Amino acid sequence: MNPANLPFDSEAMLQGLRTWVECESPTWDAGAVNRMLDIAARDMAIMGATIERIAGRQGFGGVIRARFPHPKQGEPGILIAGHMDTVHPVGTIEKLKWRRDGNKCYGPGIYDMKGGNYLSLEAIRQLARASFTTPLPITVLFTPDEEVGTPSTRDIIEAEAARNKYVLVPEPGRADNGVTTGRYAIARFNLEATGRPSHAGATLSAGRSAIREMARQILAIDAMTTEDCTFSVGVVHGGQWVNCVATTATGEALSMAKRQADLDRGVERMLALSGTTNDVTFKVTRGVTRPVWEPDAGTMALYEKARGIAKSLGTELPHASSGGGSDGNFTGAMGIPTLDGLGVRGGNGHTLEEFIEVESLVERGRLMAGLLATLE
C-alpha cells in the first residue's frame, strides 16, 4: 500500500475540520468539550468504530475511546492519543473567525490540536476506503484536559498505552516539518499569599497586603530562570474591593526543564519559597507534573519507520525533543515507543492568530496512513 496513492483532499478535509473548530471547547467548560467529543464520536461511529464514553471527573469533560474493526481486535496495537480541549474561551470564534488566506487557515484550536486529530481520522478513513487492513488494530483516545496538565485523565492514557505496542500523538508538527521524539519535564505550582486586612483609605498601614507579597514573589520566581530550568507565573488573582487591603492572593506557576534532575531541583527551590515575611504568609504547593520523556531505542526505531515513509513521499522528517509538554510525556516515559508532533504544521498556537498550513493536512495525513499501514 502506497500512501501517496490515497486520494486525500485538502478541501474536503477543511470542510470537515471546520465543524470541529467552530465547536469551541475550552478546557474549563466541560459541556463545551463534551459537545466537541460528541461530534468526534459521531464521525468515528460512521467510520465503523465502537465508541466508549468515559465520564469526566474533577469538573472536566469526558473521554472517548474508539476501537476500529480489526481481525486482531483486543491484541496490542496502535494508540492514537489526542486532546480536544483548547485554551480559547467560548466566544473566541468571533475574534478568531474561521478564514482561509492562501495556504493558511485560521481558527481557535485548529493548530493545537484539532487539525492533527482530524487528519488522523482521515488517514484511517482513507485506508478503510482502500479496503486495506492494517497489520495492527487501531484505538483512538480523545481526552478533555491536556491544556491544564491532564490532571483527570493521565491514568486512562497510561492504562490504554500499556495495552498497545505504539503511541502516535498528532500534536502540531515542528516548523521544520519535523516530529517530536522527546519532551521536557514540566511542573505546575499553586501559589497563595495570606495577609491582614484593613481599610485602604483610613488605616492603610494597619494592613498587610497579600497582593504586594504576591508581586514580590512573582519577581523572585521569574529571577530563578536559568538555561537549565525556566520559571514563570501565568495566573494571578487577588483582592475584592479597592478600598480594602487584600487579605488573599492566589496564582499559578510553571517550571520546565530538559532534564528531570534539573526540574527536581527547581521544584525544591519553588517549595522553599513558602514562609512568612512581614506578617504575610506565602505558600507554594505542587500541582500536576509531566515527567521527562527521553527517546529510547523503541521510539527511535518508530521514528526511523516514519522517516522512511516521509522519504518515500518526497519529504525530509527531522526530529528533536520539544518543550511545551504533551500526553506523549507520559507514554514515552513509560517506555512505550511514542512518536509525537505528527499533526499539522502552522503557528501562533494559543493566540488570536492561530493557523495551520493547509497543505500539511494531506502531507501529514499520508504520513499517518503510512505508519498505520506498516507498523507491526
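Owing to the predicted nature of the structure, the values given are computational and were not obtained by experimental measurement. Residue numbers start at 1 and run along the sequence shown.
By the side chain to side chain donor-acceptor pair (under 3.5 Å) test, Arg163 is found to be paired with Glu160, residues two or more places apart in sequence or in another chain being considered. Scored by the side chain to side chain donor-acceptor pair (under 3.5 Å) test, Arg269 finds no partners at all (sequence neighbours excluded). For Glu147, the side chain to side chain donor-acceptor pair (under 3.5 Å) test picks out His350, with sequence neighbours left out. In this structure, Arg42 has no salt bridge (charged side-chain N to carboxylate O under 4.0 Å, His left out) partners at least two apart in sequence or on a different chain. In this structure, Glu316 has no salt bridge (charged side-chain N to carboxylate O under 4.0 Å, His left out) partners at least two apart in sequence or on a different chain. By the salt bridge (charged side-chain N to carboxylate O under 4.0 Å, His left out) test, Arg35 pairs with no residue at all, sequence neighbours left out. The salt bridge (charged side-chain N to carboxylate O under 4.0 Å, His left out) check on Glu158 picks up Arg154, with sequence neighbours excluded.
Among pairs with a residue in residues 197-210, those fulfilling salt bridge (charged side-chain N to carboxylate O under 4.0 Å, His left out) read Arg208-Asp279, at least two apart in sequence or across chains. Under the side chain to side chain donor-acceptor pair (under 3.5 Å) criterion, no residue pair touches residues 234-249, with sequence neighbours excluded. Within the structure, side chain to side chain donor-acceptor pair (under 3.5 Å) pairs that include any residue of residues 121-130 comprise Glu122-Arg125, Glu122-Gln126 (at least two apart or interchain). Evaluation of the side chain to side chain donor-acceptor pair (under 3.5 Å) test over residues 77-91, restricted to residues two or more places apart or in two chains, returns Thr27-Asp85, His83-Asp85, His83-Asp112, His83-Glu146, His83-Glu171, His88-Glu354. For residues 242-263, every residue pair satisfying the salt bridge (charged side-chain N to carboxylate O under 4.0 Å, His left out) rule, not counting sequence neighbours, is listed here: Asp228-Arg259, Arg259-Asp262, Asp262-Arg265.
Judged by distance alone, the side chains of Thr50 and Arg67 never bring a donor and an acceptor atom under 3.5 Å apart. No hydrogens or angles considered: a donor-acceptor pair under 3.5 Å links the side chains of Thr338 and Thr331. Looking at Asn117 and Trp20, their side chains never bring a donor and an acceptor atom within 3.5 Å of each other. In this model, no donor atom of one side chain and acceptor atom of the other lie less than 3.5 Å apart for Gln15 and Glu11. A side-chain N or O of Asp327 and one of Thr150 form a donor-acceptor pair less than 3.5 Å apart. In the model, Thr299 has no side-chain atom that pairs as donor or acceptor with a side-chain atom of Thr181 under 3.5 Å.
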**OP:** Could you go through the side-chain contact (heavy atoms from CB on, under 4.5 Å) check for Ile221 and Leu219 one step at a time?
**Re:** CA-CA 5 Å; Ile221 290 168; Leu219 295 177; over 6 Å; no
Subject >> Residue pair Arg100, Val358: steps toward the side-chain contact (heavy atoms from CB on, under 4.5 Å) verdict >> reply: CA-CA 9 Å; Arg100 173 83 179 271; Val358 174; 3.5 Å; yes
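If you look at Trp293 and Tyr184, their ring centroids are not closer than 6.0 Å.
The cluster map of Ile, Leu, Val, Met, Phe, Trp and Tyr, joined by side-chain heavy atoms under 4.5 Å apart, puts Leu96 and Leu17 in different clusters.
Residues Ser25 and Met36 share a closest heavy-atom pair of CB-CB, 3.9 Å. In terms of heavy atoms, Val344 sits closest to Ile110 at CG2-O, 4.2 Å. Across Leu342 and Leu119, no two heavy atoms sit closer than the pair O-CD1, 4.3 Å. Minimum interatomic distance between Val63 and Ile156 (heavy atoms only, all atoms of both residues): CG2-CD1, 4.0 Å.
Side-chain N or O atoms of Thr315 include one that pairs as donor or acceptor with a backbone N or O of Ala310 at under 3.5 Å. No side-chain donor-acceptor contact under 3.5 Å links Asn329 to the backbone of Val292. Distance alone, capped at 3.5 Å, is enough to place a donor-acceptor pair between the Arg366 side chain and the Leu6 backbone. A donor-acceptor distance shorter than 3.5 angstrom exists from the side chain of Asp145 to the backbone of Ser152, with no hydrogens or angles considered.
Ion pairing between Asp155 and Arg57 holds under the 4.0 Å rule for side-chain N and carboxylate O.
Looking at heavy atoms from C-beta onward, Phe189 lies in side-chain contact with Val267 at the 4.5 angstrom threshold.
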